[in-house]
Colleague: 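Sharing a structure, written as structure tokens. Questions coming.
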Amino acid sequence: MNPDALAGRLLFAIPKKGRLYEKCLEILSGADIQFRRHNRLDVCLVMNHPIALVFLPASDIPSFVGSGNVDLGITGHDVILEANMEEQVTEIQRLGFGKCALQVQVPEGGSIQSVESLAGKRVVTSFEVLAAAYFEKIDNNLQLTGESRTKIQYVGGSVEAACALGLADGIVDLVESGDTMRAAGLHAIATVLQTEAVLIKSSVPKNPDHAPLIDLITRRIAGVIAASKYVVCEYNISRDKLPVATTITPGRRAPTISPLEEENWVAVSSMVEKKNAANVMDELVKIGAEDILIFNLDNCRV
Ligand SMILES: Nc1ncnc2c1ncn2[C@@H]1O[C@H](COP(=O)(O)OP(=O)(O)OP(=O)(O)O)[C@@H](O)[C@H]1O
Ligand SMILES: O=P(O)(O)OC[C@H]1O[C@H](OP(=O)(O)OP(=O)(O)O)[C@H](O)[C@@H]1O
């Protein structure tokens with residue numbers, strides 16, 4: 001691509017593969033950021049905004065955004081800390097996906113069952129900065145010095161195999177469902193941190209003129225995330241039950257209440273968190289609500 005094609009465009013970094021990739025594409029589509037990625041090209045121009053998308057490994061995104069070379073990005077909170085970029089990047093918004101925990105894991109039923117007994121031994125991980133900081137505190141508490149301190153070794157992937165291969169006494173790796181950990185005969189003995197995908201911007205932007213576009217994209221993405229978290233709940237209820245009903249569905253600001261043609265009955269419409277929708281419907285049935293409907297949101301601005 002001709003480098004001039006990027007002139008004046010806001011650069012937005014997206015993980016090029018892996019666990020965050022598909023969800024990022026859904027967010028871009030929900031925010032109406034239109035592009036065509038040709039032949040796995042890692043830079044592509046957005047058709048309806050002065051933006052270029054750069055597809056990068058998730059772990060490289062914090063340093064690109066932190067240096068100010070790229071204006072916006074989506075990546076994991078964990079890799080920002082691992083890259084030591086928490087000062088240089090600003091986390092604008094948590095995105096509610098890519099949720100997992102960085103955990104210390106050891107072989108099930110082995111002789112080591114606590115981080116204190118793992119301290120001083122061999123730990124293999126792809127998160128050497130975070131693992132080293134975690135075990136430094138433990139080693140210090142246990143007053144371990146020199147060769148008796150924990151040995152952290154980096155591997156790029158398949159971390160869970162390290163114990164079985166005799167390379168490690170424990171590992172530090174990400175756990176979501178726990179399937180990978182269990183399949184390797186491991187279990188978690190401590191959590192280093194919880195993480196999820198975040199929208200980030202540079203704390204030291206090279207082009208301050210992009211600020212309004214960053215705000216626009218941020219608001220659109222916030223709308224996409226809110227739409228995935230909420231549903232709209234509509235129901236009919238007799239007016240005397242309204243005070244109880246509105247405690248069950250208080251809405252984000254307040255519920256919308258409209259009179260029905262039938263005397264003493266009203267229709268209520270309210271946003272409800274998707275994860276609570278079934279409970280809310282149960283509670284509404286209990287107080288005599290009728291015709292309870294749940295609608296998914298395609299998009300919203302809140
Ligand atoms: N099992 C998981 N569940 C949820 N989020 C995860 C999981 N594994 C990783 N992540 C998140 O995704 C980020 C990128 O991890 P991923 O393993 O997809 O990266 P990758 O190494 O670039 O891809 P690949 O594993 O395909 O080589 C992690 O830093 C973390 O924030
Ligand atoms: O608890 P689970 O749901 O099993 O997820 C955890 C696994 O997911 C990630 O790896 P991924 O599958 O992305 O592949 P990788 O090892 O190549 O990074 C992570 O490194 C774990 O291995």
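Note that ligands are numbered from 1 as they come in the structure, with each ligand's atoms numbered from 1 the same way.
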Colleague: How long is the gap from CD1 on I112 to CG on L118, to the nearest 0.5 Å?
Modeller: 5.5 Å
Colleague: Looking at E87, is its backbone amide N or carbonyl O close enough to the side chain of S203 to form a donor-acceptor pair, meaning the two atoms are under 3.5 Å apart?
Modeller: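 Yes.
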Colleague: Is the NZ atom of K23 crowded by more than 12 outside heavy atoms at less than 6.0 Å?
Modeller: no
Colleague: Strictly under 4.0 Å, does any heavy atom of G178 approach an atom of ligand 2?
Modeller: yes
Colleague: Under 4.0 Å from atom 18 (O) of ligand 2, do we find at least one protein heavy atom?
Modeller: no
Colleague: Test your reading of the structure: does H77 have an N or O sitting under 3.5 Å from an N or O of ligand 1?
Modeller: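 It does not: no N or O of H77 is found under 3.5 Å from an N or O of ligand 1.
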Colleague: Considering only protein heavy atoms, which is closest to atom 9 (C) of ligand 1, and at what distance to one decimal place?
Modeller: L174 CD1, 3.4 Å
Colleague: Establish whether atom 31 (O) of ligand 1 and some protein heavy atom are separated by less than 4.0 angstrom.
Modeller: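 Under 4.0 Å from atom 31 (O) of ligand 1, at least one protein heavy atom found.
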Colleague: In Å, rounded to the nearest 0.5 Å, how long is the span from CD of Q153 to CD of E128?
Modeller: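 One gets 9.5 Å once the value is rounded to the nearest 0.5 Å.
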Colleague: Rounded to the nearest 0.5 Å, how far does CD1 of I225 lie from CG of N299?
Modeller: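 So the gap between those two atoms works out to 10.0 Å.
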Colleague: Nearest 0.5 angstrom please: Q113 CD to E108 CD, how far?
Modeller: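 Rounded to the nearest 0.5 Å, the CD-CD separation comes out at 7.5 Å.
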Colleague: Within the 4.0 Å heavy-atom shell around G98, which atoms of ligand 1 are there?
Modeller: 4 (C), 5 (N)
Colleague: For V175, take its heavy atoms, then give the atoms of ligand 2 lying under 4.0 Å from any of them.
Modeller: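 Heavy-atom distances to V175 below 4.0 Å select 1 (O).
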Colleague: Take atom 25 (O) of ligand 1 and look for protein heavy atoms under 4.0 Å from it; say yes if you find one, no if not.
Modeller: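 Protein heavy atom within 4.0 Å of atom 25 (O) of ligand 1: absent.
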Colleague: Which heavy atom of the protein is the closest neighbour of atom 7 (C) of ligand 2, given with residue, atom name and distance?
Modeller: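 Among all protein heavy atoms, the one nearest atom 7 (C) of ligand 2 is T180 OG1, 3.5 Å.
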Colleague: Between C100 and ligand 1, find which residue part has any heavy-atom pair under 4.0 Å and reply side chain, backbone, both or neither.
Modeller: side chain
Colleague: At less than 4.0 angstrom from any non-hydrogen atom of D173, what atoms of ligand 2 do you find?
Modeller: 20 (O), 21 (C), 22 (O)
Colleague: Less than 4.0 angstrom from a charged side-chain N to a carboxylate O is my criterion; do D42 and R37 meet it?
Modeller: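 A salt bridge links D42 with R37.
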Colleague: Which protein non-hydrogen atom lies closest to atom 28 (C) of ligand 1, naming both residue and atom, and how far is it?
Modeller: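 Nearest neighbour among protein heavy atoms for atom 28 (C) of ligand 1, to 0.1 Å: D78 OD2, 3.4 Å.
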Colleague: Should we count CZ of R253 as having more than 12 external heavy atoms under 6.0 Å?
Modeller: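 Result for CZ/R253: open.
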Colleague: Taking N236 for its side chain and W265 for its backbone only, find out whether a donor-acceptor pair lies under 3.5 Å.
Modeller: no
Colleague: Please list, in number order, the atoms of ligand 2 under 4.0 Å from a heavy atom of R19.
Modeller: 5 (O), 7 (C), 8 (O), 11 (P), 12 (O), 13 (O)
Colleague: Before giving the answer on side chain to side chain contact (heavy atoms under 4.5 Å, CB included), spell out for L174 and T180 the whole-Å C-alpha distance, their side-chain angles and the decisive distance to 0.1 Å.
Modeller: CA-CA 9 Å; L174 296 171; T180 307; over 6 Å; no
Colleague: Determine, stepwise, if the pair V232 / S269 fulfils side chain to side chain contact (heavy atoms under 4.5 Å, CB included).
Modeller: CA-CA 7 Å; V232 173; S269 171; 3.7 Å; yes
Colleague: Numbering the atoms of ligand 1 from 1, which are under 4.0 Å from a heavy atom of G18?
Modeller: 18 (O), 23 (O), 26 (O)
Colleague: Can you tell me the protein heavy atom closest to atom 4 (C) of ligand 1 and the distance?
Modeller: K99 O, 3.6 Å
Colleague: Are more than 12 heavy atoms, taken from residues, nucleotides or ligands other than F64, located less than 6.0 Å from that residue's CZ atom?
Modeller: no
Colleague: To the closest 0.5 Å, what do you measure between CZ (R36) and CD (Q34)?
Modeller: 9.0 Å
Colleague: List ligand 2 atoms under 4.0 Å from S177, heavy atoms only on the residue side.
Modeller: 1 (O), 2 (P), 3 (O), 4 (O)
Colleague: Does the protein place any heavy atom closer than 4.0 Å to atom 2 (P) of ligand 2?
Modeller: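 It does; a protein heavy atom is within 4.0 Å.
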Colleague: Give the residue, atom name and distance (to 0.1 Å) of the protein heavy atom nearest atom 23 (O) of ligand 1.
Modeller: K17 NZ, 3.4 Å
Colleague: Considering non-hydrogen atoms of the protein only, which is the closest contact for atom 18 (O) of ligand 1, and what is the distance?
Modeller: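 For atom 18 (O) of ligand 1, the nearest protein heavy atom is R19 N, 2.6 Å.
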Colleague: Report the nearest protein non-hydrogen atom to atom 12 (O) of ligand 1: residue, atom name, distance rounded to 0.1 Å.
Modeller: L20 CG, 3.4 Å
Colleague: Which heavy atom of the protein is the closest neighbour of atom 14 (C) of ligand 1, given with residue, atom name and distance?
Modeller: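 Protein heavy atom at minimum distance: A58 CB, 3.9 Å.
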Colleague: Can you list the atoms of ligand 1 that are under 4.0 Å from a heavy atom of V79?
Modeller: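 Ligand 1 atoms under the 4.0 Å threshold to V79: 29 (O).
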Colleague: Return the residue, atom name and 0.1 Å-rounded distance of the protein heavy atom closest to atom 16 (O) of ligand 2.
Modeller: S158 N, 4.2 Å
Colleague: To the nearest 0.1 Å, how far is atom 21 (C) of ligand 2 from its closest protein heavy atom, and which atom is that?
Modeller: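 Here the closest protein heavy atom is L174 O, 3.5 Å.
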Colleague: Are any side-chain N or O atoms of Q88 and backbone N or O atoms of V204, one a donor and one an acceptor, separated by less than 3.5 Å?
Modeller: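 No, because the side chain of Q88 does not come within donor-acceptor range (under 3.5 Å) of the backbone of V204.
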Colleague: Under a 4.0 angstrom heavy-atom cut-off, which atoms of ligand 1 come close to G76?
Modeller: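 With G76 as reference, the close atoms of ligand 1 come out as 31 (O).
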Colleague: How far does OG1 of T125 sit from CG of L130, to the nearest 0.5 angstrom?
Modeller: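 Between T125 OG1 and L130 CG, I get 8.0 Å after rounding to 0.5 Å.
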Colleague: Can you tell which part of E196 has a heavy atom less than 4.0 Å from ligand 1: side chain, backbone, both or neither?
Modeller: neither
